[in-house]
Amino acid sequence: MSTPRGHWAALGLLLVGTIFVSLITTFASLAYQDGATPMLLVWSRFTALVMALGIILKLSGGTFRLPKRNFRATFWIAICLMMMSVGYLSSVAFIKVSLAVILLYTYPLLVAVFAALSGRERIGPMRALLLVAAFAGLVIALGRDIGLTVDLAGIAFDSSQISLDWRGAALALVASLGVAGFITWGGAYLDGVDSRVMNFWANLWMIGLATLYVSLVGGAALPASGMGWIGYLGATACYVMAMICWFASMKTLSPTETAMTLNLEPAISLVAATVVLGEASSAQQWIGTIILLISIIFSSVAGRHKK
């Protein structure tokens, strides 16, 4: 059982990790604009994290061994993280960062459903209503990109105004599914073992998967200039720091607490995309995002009290 100080430390780590995650797609978008490809960036961040964790474990005298149960879990954790990494990083090659963030943020809804189906949490009438409100906020936030306009004059839909690329949307939703699976079930396999070792093996498997994909399909290209390299290295460094913080914090925090803390991610990502990339965010998008966040926060609180 964790101490109050340890619990707050875990929340702090998760918050730091959330900030780093929020910046990944902004840096990635800079890299893509300068010629880099998503799969090479995915491969690079897995490799960088494995190298960093390997050095940390060696210097600290740690072991790379895990109990069989936990070692087997690194395979499906790797699949979840692969879905998150490939889906999220690839999505911003087709859609704006702000839209990718909003679509990724369907994962708290999936966490609630997965936790209920696995018997870890219960969805009561109030929580179900809040989840519906969260979905409504998601639709409003996507708004004009799916042909929907919501203003004081009412609600209007025009299919000819749909601009959302289905490839980017699908990839972002794949990432959401991966995050939800990791948050819901990953913490149970981190208890009693070194999270760095679990993180090491999961990312090692992902290096193999990414290498196989690039070898068979191709799609490896580096940035062409300095700004692209800033994005490339920035996205890689943010991933390394985020994963270290996430794995360390999930040993202590519940799925609900993890999802609640990550609620800051969309706001940080939207601000970063606006400031760094110059992406325009409409009032409708911000209103929808706020509705989504508030609904998820209250849903998470309701779920915590219903345990």
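None of the values given here were measured: they were computed from a predicted structure. Residue numbers count from 1 along this sequence.
Looking only at distances, no side-chain donor or acceptor of S29 sits under 3.5 Å from a matching main-chain atom of T25. Panel note: side chain W185, backbone I77; no donor-acceptor pair is recorded below 3.5 Å. Remark: the backbone N or O of Y107 is paired with a side-chain donor or acceptor of S176 at under 3.5 angstrom. A donor-acceptor pair is defined here as one N or O able to donate and one able to accept, closer than 3.5 Å; such a pair exists between the side chain of N203 and the backbone of N199. For the pair D34 (side chain) and S225 (backbone), a donor-acceptor distance under 3.5 Å is present.
Applying the salt bridge (charged side-chain N to carboxylate O under 4.0 Å, His left out) test to residues at least two apart or on different chains, the pairs with a partner in residues 162-180 are D165-R167.
Contact record, G35 with A221: O-CB, 3.6 Å, taken as the closest heavy-atom pair. The two residues M82 and M206 come nearest to each other via the heavy atoms N-SD, 3.3 Å. When every heavy atom of A175 is checked against every heavy atom of G87, the shortest pair comes out as CB-C, 3.9 Å. Among all heavy-atom pairs drawn from S90 and L171, the shortest one is CB-CD1, 3.7 Å. Taking every heavy atom of both residues into account, M198 and Y189 meet most closely at CE-O, 3.6 Å. For C245 against V16, the heavy-atom pair with the smallest separation is SG-CG1, 4.0 Å.
Residues passing the side chain to side chain contact (heavy atoms under 4.5 Å, CB included) test with A100, sequence neighbours excluded: Y88, S91, V92, I95. Applying the side chain to side chain contact (heavy atoms under 4.5 Å, CB included) criterion to A237, with sequence neighbours excluded, gives no partner residue. Applying the ring pair (Phe, Tyr, Trp, His ring centres under 6.0 Å) test to F75 and every residue at least two apart in sequence or in another chain returns F71, W205.
The distance from the CH2 atom of W201 to the CZ atom of R196 is 15.0 Å, given to the nearest 0.5 Å. We find the CG-OG1 distance between L81 and T74 to be 10.5 Å, quoted to the nearest 0.5 Å. Distance check: T236 OG1 to F27 CZ gives 10.5 Å after rounding to the nearest 0.5 Å. We find the CG-CG distance between L173 and L177 to be 9.0 Å, quoted to the nearest 0.5 Å. We find the CE-CG distance between M241 and L13 to be 9.0 Å, quoted to the nearest 0.5 Å.
Cluster annotation: I207 and F64 are assigned to the same hydrophobic cluster (Ile/Leu/Val/Met/Phe/Trp/Tyr, side-chain heavy-atom contacts under 4.5 Å, transitive).
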Without placing hydrogens or testing angles, list every side-chain donor-acceptor pair under 3.5 Å for residues 40-50, not counting sequence neighbours.
residue: W43; atom: NE1; partner: T211; partner atom: OG1; Å: 2.9
residue: S44; atom: OG; partner: L40; partner atom: O; Å: 2.9
residue: S44; atom: OG; partner: Y232; partner atom: OH; Å: 2.1
residue: R45; atom: NH2; partner: S85; partner atom: OG; Å: 2.9
residue: T47; atom: OG1; partner: W43; partner atom: O; Å: 2.9

Identify each donor-acceptor pair in which a side-chain atom of residues 55-63 lies under 3.5 Å from a protein atom, sequence neighbours left out, and give them as a table.
residue: S60; atom: OG; partner: I56; partner atom: O; Å: 2.8
residue: S60; atom: OG; partner: L57; partner atom: O; Å: 3.2
residue: T63; atom: OG1; partner: R65; partner atom: N; Å: 3.1

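Partner of V179 under the side chain to side chain contact (heavy atoms under 4.5 Å, CB included) criterion, chosen from V111, T184, L104: L104.
Taking a 6.0 Å sphere around OH of Y213, one finds it holds 12 or fewer heavy atoms contributed by other residues, nucleotides or ligands.
F20 places none of its side-chain heavy atoms less than 4.5 Å from the side chain of I244. Residues F182 and M84 have side chains not in contact (no heavy-atom distance under 4.5 Å, counting atoms from C-beta outward).
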